[in-house]
Number of protein chains: 2
Amino acid sequence: MDHLAHVSNQPNSQPQSQISHLALDIGGSLIKLVYFCRYDDSCRDDDELRSQNESLGSKSDNSRPVLGGKLHFAKFETSKINDCLEFIHSMKLHLGGFHDCTAPSSDKIFIKATGGGAYKFADLFKEKLSVSLDKEDEMECLVTGANFLLKAVHQEAFTYLDGQKEFAQIDPNDLYPYLLVNIGSGVSMIKVDGDGKFERVSGTSLGGGTFWGLGRLLTKCKNFDELLELSHQGNNRVIDMLVGDIYGGTDYAKIGLSATTIASSFGKAISDNKELVDYKPEDISRSLLRMISNNIGQISYLNALRFGLKRIFFAGFFIRGHAYTMDTISVAVNFWSKGEAEAMFLRHEGFLGALGAFMSYEKQCLDGLTVNKIPQRFPISVSSAGNKIYCSMNGKSNGNESIECTVYGT
Amino acid sequence: MDHLAHVSNQPNSQPQSQISHLALDIGGSLIKLVYFCRYDDSCRDDDELRSQNESLGSKSDNSRPVLGGKLHFAKFETSKINDCLEFIHSMKLHLGGFHDCTAPSSDKIFIKATGGGAYKFADLFKEKLSVSLDKEDEMECLVTGANFLLKAVHQEAFTYLDGQKEFAQIDPNDLYPYLLVNIGSGVSMIKVDGDGKFERVSGTSLGGGTFWGLGRLLTKCKNFDELLELSHQGNNRVIDMLVGDIYGGTDYAKIGLSATTIASSFGKAISDNKELVDYKPEDISRSLLRMISNNIGQISYLNALRFGLKRIFFAGFFIRGHAYTMDTISVAVNFWSKGEAEAMFLRHEGFLGALGAFMSYEKQCLDGLTVNKIPQRFPISVSSAGNKIYCSMNGKSNGNESIECTVYGT
């Protein structure tokens with residue numbers, strides 16, 4: 001990777017067609033990337049999308065140029081940050097930052113970044129890509145990203161219960177207040193009252209990192225998705241102690257606990273008769289997933305209740321659109337709220353922070369050179385390309401989901 | 001154990017000096033026993049206590065005979081229920097139940113019992129000891145036991161913070177409302193408004209069974225106490241992902257998270273570089289204990305907040321007077337409540353349910369034969385024998401702690 005340090009970082013040397021804009025969210029487990037590509041640049045995927053763009057591109061606002069294109073998403077494991085740097089370099093994404101207009105003679109390029117890794121890895125980005133990371137507050141980015149998705153992207157939010165996915169009609173004028181629960185390595189719970197109006201009210205350390213960390217130790221799975229996949233075939237009753245196990249098969253009806261309610265997660269593992277090798281990885285995975293999802297659902301509900309919030313949106317890369325995870329969270333919220341509150345999920349669940357960092361470009365004063373190429377404002381009429389997965393740029397990056405949109409230049 | 005089935009169960013055949021009264025709380029992991037012995041019976045421990053009793057015994061209420069004696073406590077693992085049956089048999093504790101006065105000719109003896117095992121193991125008690133378990137509601141017993149301890153036993157409740165244990169002065173007239181958090185295999189959270197006035201408002205499946213179950217799988221420890229002991233020498237930072245790990249060593253000060261705050265429990269275990277065998281059992285134990293204690297503290301606080309309860313009493317056998325457990329729960333309650341709420345602990349933490357079952361004897365109509373030997377009502381002036389641990393009756397039962405007290409006959 002050392003050769004990256006010597007690469008030119010002059011925007012002028014790039015053909016206009018390759019200009020993109022990149023924002024990063026560097027978390028404890030994953031690095032999330034959002035980058036915008038115009039349809040007429042090298043990120044273009046197919047002619048069909050180009051023709052769609054042409055129709056979108058005909059719209060205009062205040063005579064500013066309209067740039068049709070797509071927001072692309074990618075992710076890498078934080079431990080494999082060199083793969084991420086390589087990807088950014090190969091795509092020349094690092095050239096799409098901004099220059100510091102307070103020092104016009106400077107060639108310094110800034111890339112918007114959030115998450116703890118924006119601090120931790122700032123020197124590495126400087127060394128390898130010759131860019132500075134312009135740090136944006138993590139919670140602010142999550143909220144900006146969520147508000148954007150909920151207001152601008154059609155069919156972004158949905159409920160999931162009993163295997164049924166149902167898109168929610170969100171009135172942008174009746175969005176606030178809501179509770180945003182972002183499940184990354186850890187979990188943040190944020191009360192959102194408006195654009196830029198929010199408070200981190202709670203959180204829990206039992207998050208995606210706990211599922212994957214404990215899961216790795218207990219099952220020897222090699223990656224998060226494999227562990228999640230395993231849980232499909234698992235049966236949590238093998239390891240969890242149920243109310244019925246304690247009560248000899250019956251309910252504890254007086255307080256509304258059925259025989260199948262989990263009394264103690266992993267409680268059956270106290271038995272002397274079995275060691276770790278005697279349990280199936282799929283059963284362990286299922287118990288673990290249920291323990292963590294249920295706990296997050298419960299704490300989220302208690303916080304929603306505390307502030308009188310009816311809507312709870314769950315996001316973050318822990319979920320990954322996984323049916324059983326969503327179902328457990330939904331059931332937990334429904335159970336603890338006695339049907340009063342409802343869990344909702346976001347299609348672009350993992351990219352809130354990166355999207356928020358991306359949106360923060362509009363706060364910058366931009367120099368003349370790049371001004372008409374930088375996305376400035378997302379129109380509310382942004383269209384979505386749906387759930388299509390676009391090409392993986394390399395073997396390590398998967399699950400990219402782009403949003404087709406138009407942006408306005410100045 | 002089969003010989004037990006043939007033992008005589010006639011109270012008449014017992015010398016009066018051996019009459020005791022027994023109540024059971026049979027949970028998912030542990031069986032808790034409470035039994036009362038008069039000082040002049042075979043349970044007597046030493047002359048000093050006898051002389052104390054004589055002075056206590058001089059008190060009288062409504063001319064009823066006063067019986068001085070001690071409440072004894074014992075516990076067994078539920079999986080080793082045969083040891084428990086053997087203990088009860090050898091101590092002849094099963095003879096101190098009551099007869100069904102609605103069927104005067106019946107020799108049927110009932111023993112008060114609570115917990116799910118009172119249902120699950122009813123047939124076993126019948127078969128082995130020829131006694132019937134008279135089932136009392138689990139939550140009701142916990143509340144009765146807690147109210148008894150908080151009102152009647154001197155220096156029962158205490159706070160624990162920064163290594164300092166401080167006894168709380170509880171005014172029996174200003175006890176309610178409070179939140180009772182019983183941490184057994186699972187966790188129950190009960191809002192207590194008065195004698196017999198309560199509601200189970202919440203709970204979590206992440207309890208003592210989770211600590212011990214996951215701990216067994218991850219460390220190969222052979223018993224709960226060994227695992228708890230290990231945590232003393234452990235360092236949770238080896239496995240937990242801290243805010244500082246994500247932020248490159250710095251705080252996330254804006255939202256009040258210091259660099260040492262746990263962002264993700266077991267989050268460092270996502271690393272490809274280490275397998276389970278590469279982690280020290282003591283570090284695993286510490287992370288596990290902190291994860292579960294902190295989570296219970298948080299959910300408890302959120303429920304206390306919901307109902308405006310300032311006092312939270314933590315009980316159940318998970319705690320075992322363990323300094324680090326209490327410290328973590330206290331810190332969690334203090335952290336999430338911003339100092340508004342306070343965690344308190346009970347010296348007889350593990351025996352609330354069994355005590356409550358024991359107290360329920362007073363509800364029974366009693367036959368003429370046993371009436372003057374059965375404890376009926378505990379005076380508020382009951383004294384405590386302090387933290388002394390009395391003899392373990394066998395190798396598997398330890399941590400017995402008796403309460404010296406007087407009871408009134410009728």
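Protein chains get the first letters and strands the later ones, always in sequence-line order, with residue 1 at the start of each. Only a predicted model underlies this, so the values are computations on that prediction, with no experimental measurement involved.
Considering all non-hydrogen atoms of both residues, A:Ser29 and B:Met241 come closest at OG-CE, 4.2 Å. Closest non-hydrogen pair, A:Tyr252 versus B:Asp137, comes out as OH-OD1, 2.8 Å. B:Glu275 and A:Leu217 make their closest contact through C-CD2, 4.2 Å (heavy atoms, listed as atom of the first residue, atom of the second, distance). Between A:Arg306 and B:Leu305 the shortest heavy-atom distance is NE-CD2, 3.2 Å.
Applying the salt bridge (charged side-chain N to carboxylate O under 4.0 Å, His left out) criterion to A:Asp193, with sequence neighbours excluded, gives A:Lys191. With sequence neighbours excluded, no residue forms a salt bridge (charged side-chain N to carboxylate O under 4.0 Å, His left out) with B:Asp283. With sequence neighbours excluded, no residue forms a salt bridge (charged side-chain N to carboxylate O under 4.0 Å, His left out) with B:Glu199.
From A:Tyr247, atom OH reaches atom CD of B:Glu138 across 3.5 Å, with rounding to the nearest 0.5 Å. We find the CG-OH distance between A:Leu302 and B:Tyr301 to be 11.5 Å, quoted to the nearest 0.5 Å. The line from OH of A:Tyr119 to CD1 of B:Ile246 is 13.0 Å long, rounded to the nearest 0.5 Å.
A donor-acceptor contact shorter than 3.5 Å links the side chain of A:Gln298 to the backbone of B:Gly203. With hydrogens and angles ignored, the 3.5 Å screen pairs a side-chain donor or acceptor of A:Lys120 with a backbone N or O of B:Asp245.
Side-chain contact of A:Ser264 with B:Ser185: a donor-acceptor pair under 3.5 Å is absent, judged by distance alone.
The choice from A:Ala122, A:Ala269, A:Ser265 that makes the most heavy-atom pairs within less than 4.5 Å of chain B is A:Ser265. Per-residue heavy-atom pair counts under 4.5 Å with chain B were compared for A:Ser287, A:Ser271, A:Gly244, and the maximum is reached by A:Ser271. Heavy-atom pairs under 4.5 Å with chain A were tallied for B:Gly267, B:Gly248, B:Ser205, B:Ala263; the largest tally goes to B:Ser205.
The environment of CZ in A:Arg320 is crowded: more than 12 heavy-atom neighbours from other residues, nucleotides or ligands sit within 6.0 Å. Atom NZ of A:Lys280 has 12 or fewer neighbouring heavy atoms from other residues, nucleotides or ligands inside a 6.0 Å radius.
Looking only at side-chain heavy atoms (C-beta outward), A:Asn295 and B:Ile299 come within less than 4.5 Å of each other. Side chains of B:Arg200 and A:Leu257 form a contact here, defined as non-hydrogen atoms less than 4.5 Å apart.
Using a 4.5 Å cut-off between heavy atoms, A:Ser79 does not touch chain B at all. When heavy atoms are compared at a cutoff of 4.5 Å, A:Met291 approaches chain B by way of both its backbone and its side chain. For chain B, no part of A:Phe121 is nearby; none of its heavy atoms comes within less than 4.5 Å. In this structure, no portion of A:Lys268 lies under 4.5 Å from any heavy atom of chain B. In this structure, the portions of A:Ser202 lying under 4.5 Å from any heavy atom of chain B include both its backbone and its side chain. Proximity to chain A is absent for every atom of B:Ile284, based on heavy atoms less than 4.5 angstrom apart.
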Stepwise side chain to side chain contact (heavy atoms under 4.5 Å, CB included) test for B:Leu206 and A:Leu206: CA-CA 11 Å; B:Leu206 283 95; A:Leu206 283 95; 3.5 Å; yes
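At a heavy-atom cut-off of under 4.5 Å, chain A is reached by B:Gly209, B:Thr210, B:Trp212, B:Gly213, B:Leu214, B:Arg216 from residues 207-216 of chain B, listed in order of number.
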